2 protein chains.
Amino acid sequence: MKKGKRTTIYDIAAKLGITASSVSRALNNSNQVNEKTKELIMKTADELNYKRNILASNLRKGQSKTIGIVVPRINQNFFANVIAGIEEATYQKGYNLIICQSGESHDKEIQCVNTLINQDVDCIVISVSADGNDYQHLQNVIDHGIQLIQFDRVAEELETLKVINDNEQASYEAVSHLIESGYKRIGLLEGPQNLSIFKQRKTGYLRALKAYNIEVIDEIIVENAWTKELGAEGTRKLLNLPQPPDAIFASTSDFSALGVLEVANAMKIKVPAELGVCGYANEGFSEITSPSITTIDQFSIYMGNTVANLYFQEKGNTDTTSKPKIISIKPELIIRGSTAKNAKS
Amino acid sequence: MKKGKRTTIYDIAAKLGITASSVSRALNNSNQVNEKTKELIMKTADELNYKRNILASNLRKGQSKTIGIVVPRINQNFFANVIAGIEEATYQKGYNLIICQSGESHDKEIQCVNTLINQDVDCIVISVSADGNDYQHLQNVIDHGIQLIQFDRVAEELETLKVINDNEQASYEAVSHLIESGYKRIGLLEGPQNLSIFKQRKTGYLRALKAYNIEVIDEIIVENAWTKELGAEGTRKLLNLPQPPDAIFASTSDFSALGVLEVANAMKIKVPAELGVCGYANEGFSEITSPSITTIDQFSIYMGNTVANLYFQEKGNTDTTSKPKIISIKPELIIRGSTAKNAKS
DNA sequence: AAAAATTACGCAATCGATTGCAATTTCAAA
DNA sequence: TTTGAAATTGCAATCGATTGCGTAATTTTT
């Protein structure tokens, strides 16, 4: 085959002395074309190393069989897994994924979304970035008639399909577990409250305290401690308090829990005996720290599958009367060494 | 805006009583159109919420501004980072990424590549899967006039652009470090030898032994130990030998090094005092294990950047006489606790 | 003010595949 | 052999944007 010259259906048609219409139909396995001709066309297509030009096809059909994904960072375990899950479920249906990272920047997120609209994707799957809470660009997606699915970090006020974790319940269970393990003064490292997931986790924390009749102490709640560094910083503050907490729920991530561990270690405070630690997200490393970190698994790959299936399911659905579906996945508390207060450490 | 009806350049043209040609030219900022008209067109385009249909544009222009990526797994640190690096460098130039995972299956890899050819991508970036060593599908990419860039795991016999790590040298340095740290009997966990990267790492190992006049002992070289489980299994075998090694170079990955650590721990063999351990790839967790793992950093994000830049650089290059470029990145040995033989553990 | 040189815009073809409708062929029933 | 229905195939428009070429409008030059 010559470089830079793809075979088209016209080439095939010309070679066989028929029209492109028939070739197209044969290639799409239409039953409007004679079996023998079909075979002949297939064979010739193969010989000529024909590959359908999807651009042309999609342009004509007004679809793209492409799903756009916008996440803060591709190389973050949770997101990479969700993407892998989406890929798994869409690939076999012939869909392609276009992936963008917003890098936690609201502006870049807008850019990404616009690019995807340009690309004529059939669906945009997004987990919003941490800064900014203006969602005009997402409304724009809807206005363009493109299916929008939010996952994990969602803009709640926007009525779209959503796949979320039941963050509040997970959080509630995590804190309950701490309490039942014998910890009495539980600090919280919380994330940016403009993201609903972090708000919900805080709510779960508060609900658990209330359920066990434990007083809420503002002093041991640290705002915006959602990286390892910020988590460490918050922990240092907490542990230097006159009355330090005897457990810390790093509700933002295992990374921040890792920060807790490091500070505790540096201060010679024994985990879990003197300090209980619970993280969030079940990052790969959380089972190999010492002690291993109690955390919450979000079933990220499954979440990706769910997003994909939700899309396929809603694709045929023309019923506009019903409210858009929200699927909530129940995360699972994974109990490990960092909260085993009574085990000898 | 009405759902399902995008504005086209014709809509804009109609509204202004001009032709689509001018609109197109204006939108492309051609200087063939009057400044005032241009402004007017821009404004109208904005009002009508116009978004260029890239499918049509690309079809006409015979390009796609899209780069296809095929990796074994998206949700593997190294690959996720490379992808992030590519994204970083290509996004700002208006390129999109289509990402596929081969799942280490040669068949799926072929499928992925064909899909990407169909999609008319401008370039395919691939790290080949572990099984199979038939590269007809890659030759096919070249025959279609699509730029092919291999990275990390490459098919050596195929003359394409490549971005690789100097695995042999890195491996040589790692083993030298073990030797200089006082370890004398160094076992090797090796990966599938049909992948050149693993072959090179073995070569580096052998070269180091030779350089220090150490005899090669086949007994302490374990084939195909490239997951945590296989690494653990291999380690068990090694440590139960009459003359077990006093260090293990897990040349395949930090995961397998982790397996080593676990087995050593279970057998009450002290790392690094009684057993030195070195991994590969500098996974996030390797610095937080106890002891932390000496490993090799591959500069994965930078590798992604390099791939992208190599593409842009070669795009204009019509010189076909020269051999395709191969860029080799020098990995860095990161020395940590697991090889600190003489430090008290 | 007429001629020459620019500048701005329109016409129509093109990229490759798809598809409604019309035309032709095939085949069986009458 | 004729007729009608069914099976094939062809014709031509279409998806939306781009671009070479030609013409009209405007500006510059003499």
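Residue numbers start from 1 in every chain, and the chains themselves are labelled A, B, ... in the order their sequence lines are given, proteins ahead of strands. Treat the numbers as computed from the prediction; the structure is a model and nothing was measured.
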note: A:I18, atom CD1; D:dA7, atom P; distance rounded to Å ~ 20 Å
Strictly below 4.0 Å, heavy-atom distances to any atom of DNA chain C: list the hits from residues 52-64 of chain B, or just say none.
-> B:L59, B:R60
Between the side chain of A:S127 and the main-chain N/O of A:F151, is any donor-acceptor distance below 3.5 Å?
-> yes
Could you check how far CZ of A:R25 sits from C1' of C:dG16, rounded to whole Å?
-> 16 Å
Taking the side chain from B:K51 and the backbone from A:N114, do they hold a donor-acceptor pair closer than 3.5 Å?
-> no
Given atom CG of A:L27 and atom P of C:dG16, what is their separation to the nearest angstrom?
-> 15 Å
Tell me, please, which residues at least two apart from B:K65 pass salt bridge (charged side-chain N to carboxylate O under 4.0 Å, His left out).
-> none
Within the distance-only criterion (no hydrogens, no angle test), does the side chain of A:N34 pair as donor or acceptor with the backbone N or O of A:K36 below 3.5 angstrom?
-> yes
Which is true for A:T8 with a 4.0 Å heavy-atom rule: it touches a base, it touches only sugar-phosphate, or it touches nothing?
-> sugar-phosphate
Could you check how far CD1 of B:I41 sits from P of D:dA17, rounded to whole Å?
-> 13 Å
Pair of N/O donor and acceptor under 3.5 Å linking D:dC11 base with A:S21 side chain | yes
Closest non-hydrogen atom pair between B:Q63 and A:L55, with its separation = O-CD1, 4.0 Å
Would you say a side-chain N or O of B:S22 is under 4.0 Å from OP1 or OP2 of C:dG10?
-> yes
Which stems does DNA chain D form, counting runs of 3 or more consecutive Watson-Crick or G-U wobble pairs with both distances under 3.5 Å?
-> C:1-30 with D:1-30
Okay, side chain of B:H137, backbone of B:H106: is any donor-acceptor separation there less than 3.5 Å?
-> no
With a 3.5 Å cut-off and sequence neighbours excluded, list the donor-acceptor pairs that the side chains of residues 8-25 of chain B form with protein atoms.
from	atom 1	to	atom 2	distance (Å)
B:T8	OG1	B:Y10	N	3.1
B:T8	OG1	B:D11	N	3.4
B:D11	OD2	B:T8	N	2.8

When you check the phosphate oxygens OP1 and OP2 of D:dT18, does a side-chain N or O of B:S24 lie under 4.0 Å from one of them?
-> yes
Residues which pass salt bridge (charged side-chain N to carboxylate O under 4.0 Å, His left out) with A:E88, listed by chain and number, not counting sequence neighbours = none
To the nearest angstrom, the CG-P distance between B:D11 and D:dC15 comes to 11 Å
For B:S64, the option from B:N96, B:D120, B:D122 that meets side-chain hydrogen bond (donor to acceptor under 3.5 Å, both in side chains) | B:D122
Can you pull every protein N or O that's under 3.5 Å from an N or O on nucleotides 5-8 of chain C?
none

For B:Y50 and D:dT18, give me the distance from atom OH to atom C1', rounded to whole Å.
-> 11 Å
Could you give the CD1-to-C1' distance, from B:I9 to D:dT19, as a whole number of Å?
-> 11 Å
So, are A:E47 and A:K43 salt-bridged, with charged N and O less than 4.0 Å apart?
-> yes
Within this structure, what is the CD-to-C1' distance between B:Q119 and C:dG16, rounded to whole angstrom?
-> 14 Å
